[in-house]
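What follows is a set of notes on a single structure, which appears directly below.
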2 protein chains.
Amino acid sequence: MATTTTAAAAAPGGFEPEPLLTPAEVATMFRVDPKTVTRWAKAGRLSSIRTLGGHRRYREMEVRELLTGR
Amino acid sequence: MATTTTAAAAAPGGFEPEPLLTPAEVATMFRVDPKTVTRWAKAGRLSSIRTLGGHRRYREMEVRELLTGR
DNA sequence: TTCCAGTAGGGTAATTGGGGAG
DNA sequence: CGTGTCCCAATTACCCTACTGG
């Protein structure tokens with residue numbers, strides 16, 4: 001496997017899996033409580049993807065942009 | 001339009017093989033542990049195809065729909 | 001055939017969601 | 001108005017050993 005630096009492909013169909021972050025990871029990045037991140041998602045300030053069990057996952061790209069000040 | 005197959009793998013007998021994903025691939029897409037994907041399959045939340053050795057394979061189409069909130 | 005990363009199990013600890021009060 | 005903390009139930013992550021897939 002020639003995984004250079006941008007290793008992202010996980011599906012053989014040329015399908016690109018999107019990098020996601022857990023609530024705890026986002027909370028750490030913003031230096032807030034995970035509950036606060038959940039509130040942001042509920043308020044629509046932050047888009048979230050749900051696991052089949054109901055847990056939230058956040059787009060790394062979106063979080064990075066918000067951290068960078070957009 | 002006789003064969004409107006957009007672009008699919010060839011199969012003897014005009015049979016269309018369905019794109020399948022491994023537990024690790026599905027786990028990466030949802031940002032969860034492969035064991036969690038197995039749990040989803042056992043709970044019936046996600047349909048799975050079993051290999052002759054007992055390993056599970058998942059339909060890429062179904063996984064993508066679940067990811068997109070379908 | 002051998003090799004080994006990945007998977008299936010089971011069991012237990014850690015996160016998360018949701019509500020609600022401060 | 002926004003955040004951190006408490007509760008409980010549900011979901012998920014990590015531990016191990018044995019077997020499968022390419």
Side-chain angles (χ1 to χ4, degrees):
Chain A
M1 278 286 243
T3 30
T4 328
T5 33
T6 32
F15 183 74
E16 282 293 335
E18 183 169 358
L20 300 176
L21 298 174
T22 64
E25 291 171 340
V26 178
T28 301
M29 295 169 69
F30 278 96
R31 201 49 157 99
V32 295
D33 194 272
K35 285 287 190 172
T36 301
V37 180
T38 298
R39 291 197 187 99
W40 293 344
K42 265 194 288 189
R45 302 159 158 280
L46 182 61
S47 60
S48 63
I49 295 178
R50 296 280 205 144
T51 68
L52 299 190
H55 286 200
R56 295 184 181 85
R57 297 284 115 102
Y58 305 94
R59 304 176 183 276
E60 180 185 33
M61 186 179 63
E62 184 179 3
V63 173
R64 261 196 344 231
E65 288 179 352
L66 292 173
L67 269 178
T68 312
R70 211 344 187 94
Chain B
M1 34 163 154
T3 50
T4 325
T5 40
T6 307
F15 181 71
E16 278 294 340
E18 180 160 5
L20 299 178
L21 299 174
T22 64
E25 290 168 346
V26 179
T28 300
M29 295 169 67
F30 278 95
R31 187 54 166 88
V32 294
D33 194 272
K35 289 299 191 59
T36 300
V37 180
T38 298
R39 204 176 301 108
W40 292 345
K42 262 194 288 189
R45 300 171 179 273
L46 181 61
S47 58
S48 62
I49 298 178
R50 310 271 276 191
T51 68
L52 299 186
H55 288 196
R56 296 185 180 84
R57 297 285 118 96
Y58 305 93
R59 305 176 182 277
E60 177 183 341
M61 183 179 62
E62 182 180 6
V63 173
R64 252 171 23 199
E65 288 179 352
L66 290 173
L67 256 183
T68 57
R70 235 309 214 157

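When reading the values below, keep in mind they use all heavy atoms of this one structure, side chains included, and skip hydrogens, waters and symmetry mates.
Between A/Asp33 atom CG and D/dC7 atom P the separation is 15 Å, expressed in whole Å. In this structure, CG of A/Leu46 is placed 16 Å from C1' of D/dG2, rounded to the nearest angstrom. Atom P of nucleotide D/dT3 and atom CZ of A/Phe30 are separated by 11 Å, given to the nearest angstrom. Separating the CG atom of A/Leu21 from the P atom of D/dA13 is a distance of 14 Å, rounded to the nearest angstrom.
Between B/Trp40 and D/dT12 there is a side-chain polar atom (N or O) within less than 4.0 angstrom of OP1 or OP2. Side-chain nitrogen and oxygen atoms of A/Thr36 include none within less than 4.0 Å of the OP1 or OP2 phosphate oxygen of D/dT3.
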Counting primed atoms, P, OP1 and OP2 as sugar-phosphate and everything else as base, the B/S/- map of nucleotides 13-20 of chain C against protein heavy atoms under 4.0 Å is --BSBBB-
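For the pair A/Arg57 and A/Pro23, the minimum side-chain heavy-atom distance is below 4.5 Å. Counting heavy atoms from C-beta outward, A/Ser47 and A/Glu62 have side chains that approach closer than 4.5 Å. Proximity of A/Glu25 to A/Thr22: side-chain heavy atoms (C-beta onward) are separated by under 4.5 Å at one or more points. Contact annotation: the side chain of A/Glu18 approaches that of A/Arg59 to within less than 4.5 Å [non-hydrogen atoms, C-beta and beyond].
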Base-pair string, DNA chain C, Watson-Crick plus G-U, cut-off 3.5 Å on both distances, | for inter-strand, is ..|||||||||||||||||...
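With side-chain heavy atoms closer than 4.5 Å counting as contact, directly or through intermediates, the hydrophobic cluster containing A/Val32 also holds A/Leu21, A/Val26, A/Met29, A/Phe30, A/Val37, A/Trp40, A/Leu46, A/Tyr58, A/Val63, A/Leu66, A/Leu67.
The distance from atom CG of A/Leu20 to atom CZ of A/Arg56, rounded to the nearest 0.5 Å, is 14.0 Å. Atom-to-atom distance recorded for B/Arg31:CZ and A/His55:NE2 is 14.0 Å, nearest 0.5 angstrom.
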Next item on the list: May I have the step-by-step check of side chain to side chain contact (heavy atoms under 4.5 Å, CB included) for A/Glu65 and A/Thr68, ending in yes or no?
Entry: CA-CA 5 Å; A/Glu65 288 179 352; A/Thr68 312; 5.6 Å; no
